[in-house]
Amino acid sequence: MAERDAFVKSCTFKEFEAPPTFLRAAERARGKVLVVASAGNTARAFSQTSSTSGFPLVAVVPKDCLHRMWTTEPANNVFLIAVKGDYTDAIKVGEKIASLEGMLAEGGTRNVARRDGLGVVLLDAVFTVRELPDHYFQAVGSGTGAIGVFEAALRLISDGRFGARLPRLHLSQNLPFAPMFRAWRRGSREIAEEDMPNAEDSIKRMYADVLSNKNPPYSVRGGVYDVLSSTSGLMYGVTNRECIEAEKLFEGTEGIDLDPAAAVCVASLFQAVERSFVKEEDKILLNVTGGG
Ligand SMILES: *Cc1c(COP(=O)(O)O)cnc(C)c1O
């Protein structure tokens, strides 16, 4: 996104999670090596941060995602493991490695460092605009970013200078695989089998497969269900075709080529406008989570 002076080298907002996660690990578990399992964007972001900071990392990714594993600097302290299988298999291997002596699991959504890293997006927006936005839009796979932004909003409200109302969360998923969208639409706190029909096949048909998390922190206390409830939030299901349309329009008007997941988010904003969920004078924070 150099077009807009946004120098996120690995091209997604996962890069905001890496520095606080490495630092917290160094403070709390000195000498241990961080282990991250991912379908690509997270492992690449952590590898990028390792390449510039020197923090050691074990990255575990599915073999089919190896093409996503590049860094702009030599990543001499990254040990990369490719797993035969999908994201879930990579997670299993990552868990085994993390259980070994001297290793440390990065902890996912439960790690406050990861949530706070993503909350920085809201801090930066408020630093610029000087008040909390009315709406926050983001495409979600796990929802870590949305939870992080929610928590950052609570802190800004208790600060008092930036408004007293939580931004309404507008979270989007890519059809046909949209378990949180379906569970929320049913009004359910639990994700059921019926929310993930033909999961394997549906995931293969997704435009933004980084959003294909089968076990997101939705039901857990303080998770996606709770942050949606607390903000009168909305969930959107976005088709591949809507993504491609959003991508074209965004690139044409803003000059930014979107990551497929960011296209899901932009498409959800179109839906919100069409359905009058947002008003023209509202302040909207659209998290373009990846591009360039
Ligand atoms: C991971 C990712 C998301 C979704 O983030 P979650 O924390 O999994 O909800 C959105 N956009 C991009 C580009 C991503 O890499």
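One-based numbering, in listed order, for ligands and for the atoms of each. Computation of the quantities below employed the complete heavy-atom set of this structure, encompassing side-chain atoms and omitting hydrogens, waters and symmetry-equivalent molecules. For this chain, numbers begin at 1 and follow the sequence in order.
The salt bridge (charged side-chain N to carboxylate O under 4.0 Å, His left out) test with Asp195 is passed by exactly one of Arg182, Arg186, Arg185: Arg186.
Across all non-hydrogen atoms, the minimal contact from Gln138 to Phe13 is NE2-CZ, 3.6 Å. Here the closest heavy-atom approach between residue Val78 and residue Ala59 is recorded as CG1-CB, 4.3 Å.
Here is the list of ligand 1 atoms found below 4.0 Å of a heavy atom in Ala261: 10 (C), 11 (N), 12 (C), 13 (C). Close contacts of ligand 1 with Gly141, meaning ligand atoms under 4.0 Å from a residue heavy atom, involve 4 (C), 6 (P), 8 (O), 9 (O). Close approach of ligand 1 to Gly145 (heavy-atom distance below 4.0 Å) involves ligand atoms 7 (O). If you number the atoms of ligand 1 from 1 as listed, the ones under 4.0 Å from a heavy atom of Ala139 come out as 4 (C), 10 (C).
The side chain of Asn41, and not its backbone, has at least one atom closer than 4.0 Å to an atom of ligand 1 (non-hydrogen atoms only; side chain from C-beta on). Contacts with ligand 1 closer than 4.0 Å are made by heavy atoms of both the backbone and the side chain of Ser142.
Residues Ile157 and Leu166 have side chains in contact (heavy-atom distance under 4.5 Å, counting atoms from C-beta outward). For the pair Val224/Ile147, a side-chain contact is recorded, criterion being any heavy-atom separation below 4.5 Å from C-beta on.
Across the listed options Thr289, Val264, Ile147, Thr289 owns the non-hydrogen atom lying nearest to atom 11 (N) of ligand 1.
Tyr236 and His170 share a donor-acceptor pair across their side chains, judged by distance under 3.5 Å alone. A donor and an acceptor atom, one from each side chain of Gln48 and Thr72, are located under 3.5 Å apart.
No N or O atom of Leu211 sits closer than 3.5 Å to an N or O atom of ligand 1.
At the top of the distance list for atom 1 (C) of ligand 1, counting protein heavy atoms only, stands Lys14 NZ, 1.4 Å. At the shortest separation from atom 5 (O) of ligand 1 among protein heavy atoms lies Phe13 CZ, 3.4 Å.
For Gly143, the closest heavy-atom approach to ligand 1 falls below 4.0 Å.
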Item to complete: For salt bridge (Lys or Arg N to Asp or Glu O under 4.0 Å), just list the numbers for Asp159 and Arg155, CA-CA rounded to whole Å, side-chain angles, deciding distance to a tenth of an Å, and then say yes or no.
Response: CA-CA 6 Å; Asp159 175 281; Arg155 286 182 216 145; over 6 Å; no
